[in-house]
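Reading through the structure tokens given below for one structure.
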Protein chains: 2
Amino acid sequence: MTPTLDTVFAALADPTRRAILAMLLEDDMAVTDVAEPFEMSLAAISKHLAILSRAGLISQEKRGRVKWCKLEPDALRDASVWMQGFGQFEAVNLDDFERFLERELGAEQAEGVRD
Amino acid sequence: MTPTLDTVFAALADPTRRAILAMLLEDDMAVTDVAEPFEMSLAAISKHLAILSRAGLISQEKRGRVKWCKLEPDALRDASVWMQGFGQFEAVNLDDFERFLERELGAEQAEGVRD
DNA sequence: GGCATATTCAACCAATCGGTTGACGATCGC
DNA sequence: GCGATCGTCAACCGATTGGTTGAATATGCC
């Protein structure tokens, strides 16, 4: 399936999935390691990863028995083009982004990662 | 309710709602006029507008018996900050955006606005 | 007042979502 | 080969989504 705006935005609409993307920003990770910080089953995380993968936001490659997850930020490009069309946003600096991530992750932590 | 990334991205995940936002980019519109090009009931459009409104993407103001819908592009700012954090996208020019919109609207037209 | 117009509400429906559990198939280490 | 580990599959569950229809609520016009 070619990723559409529908699938990309739908994938981004879940806080668990956004948290996963933020984790993958640091480094590629195995499925088990992705699941570790979350208070939910491995199967649930596996489903989230499948959704991110179908949206093109990550790729997964199996090496041995571990499946590595890798961020694919290019999938955000079309969505970013779409959004920037409204409001002519100037380029956002990464400090803004980091502060944003801290706020969001902090909020999730406060409610136990998930609510 | 203060709009969250959850509600903003979820609102953007539906093609009907994105088409509505694109229409409002041109001008403010009454609910009935928003509904006109779509092959679905007025009530359905009313619900879509409520979702966009809860996400902060539009505002609605009732004047007389007609309720005017107005784009509120600022609500996209947080989401845009979030997305640009991945991939350091350069500013996108509006020509790109217009071509993009044409493609998307064209695709929807081809399947009868909705599939 | 009375009718038409603009919009929402309420109830319903099928489909999807986000989660669970338990069984299963691969692969590694020994 | 065997047991442990990695990950998915399948079936199930309750909640939400995107749509419908019909009735209800404003408001405007004459």
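Because the structure is a prediction, the values reported are computed rather than measured. Throughout, a chain's letter reflects where its sequence line sits, starting with A, and its residues are numbered from 1.
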Picking from D:dG7, C:dG19, C:dT7, which would you name as closest to the side chain of B:Val31? C:dT7
Sorted by chain and residue number, the side chain to side chain contact (heavy atoms under 4.5 Å, CB included) partners of A:Glu36 (sequence neighbours excluded) come out as none
Spacing of B:Lys67 atom NZ relative to D:dT25 atom P, expressed in whole Å: 16 Å
Under the side chain to side chain donor-acceptor pair (under 3.5 Å) test, residues paired with B:Ser41 that sit two or more places apart: none
Would you please name every residue forming a side chain to side chain contact (heavy atoms under 4.5 Å, CB included) with A:Ala35, sequence neighbours left out? A:Leu42, A:Ile45
Return no unless some side-chain N or O of B:Ser46 is found under 4.0 Å from OP1 or OP2 of C:dT7. no
If you check every side-chain atom of A:Lys47, which of C:dG18, C:dG19, D:dT20 has the closest atom? C:dG19
What residues form a salt bridge (Lys or Arg N to Asp or Glu O under 4.0 Å) with B:Glu61, not counting sequence neighbours? B:Arg63
From the set C:dG19, D:dC6, C:dG18, return the single nucleotide nearest to any side-chain atom of A:Arg17. C:dG18
Residues clustering with A:Trp68 (ILVMFWY side chains joined when closer than 4.5 Å, directly or via others): A:Val66
Separation of atom CH2 in A:Trp68 from atom C1' in D:dC6, rounded to whole Å: 12 Å
Between B:Ala44 and A:Leu49, which is nearer to the 5' end of DNA chain D once each is assigned its nearest nucleotide? A:Leu49
By the rule that ILVMFWY residues connect when side-chain heavy atoms come within less than 4.5 angstrom, directly or transitively, which residues belong alongside B:Ile51? none
B:Asp33/B:Met23 under side-chain contact (heavy atoms from CB on, under 4.5 Å): CA gap, chis, key distance, verdict: CA-CA 10 Å; B:Asp33 295 333; B:Met23 289 165 61; over 6 Å; no
What nucleotide, of C:dT20, C:dT8, D:dT20, holds the atom closest to the side chain of B:Ser41? D:dT20
Scan B:Leu42 against the nucleic acid and name what it touches under 4.0 Å (heavy atoms): base, sugar-phosphate only, or nothing. base
Per-nucleotide protein contact string for nucleotides 22-30 of chain C (B base, S sugar-phosphate only, - none; heavy atom under 4.0 Å): -----BB--
In whole angstrom, give the distance that lies between atom CG of A:Leu52 and atom C1' of C:dC17. 14 Å
Axis-to-axis angle between the two ends of the helix from C:dG1-D:dC30 to C:dC30-D:dG1 (five base pairs per end, rounded to 10 degrees): 30°
Partner residues of A:Thr32 under the side chain to side chain contact (heavy atoms under 4.5 Å, CB included) criterion, sequence neighbours left out: none
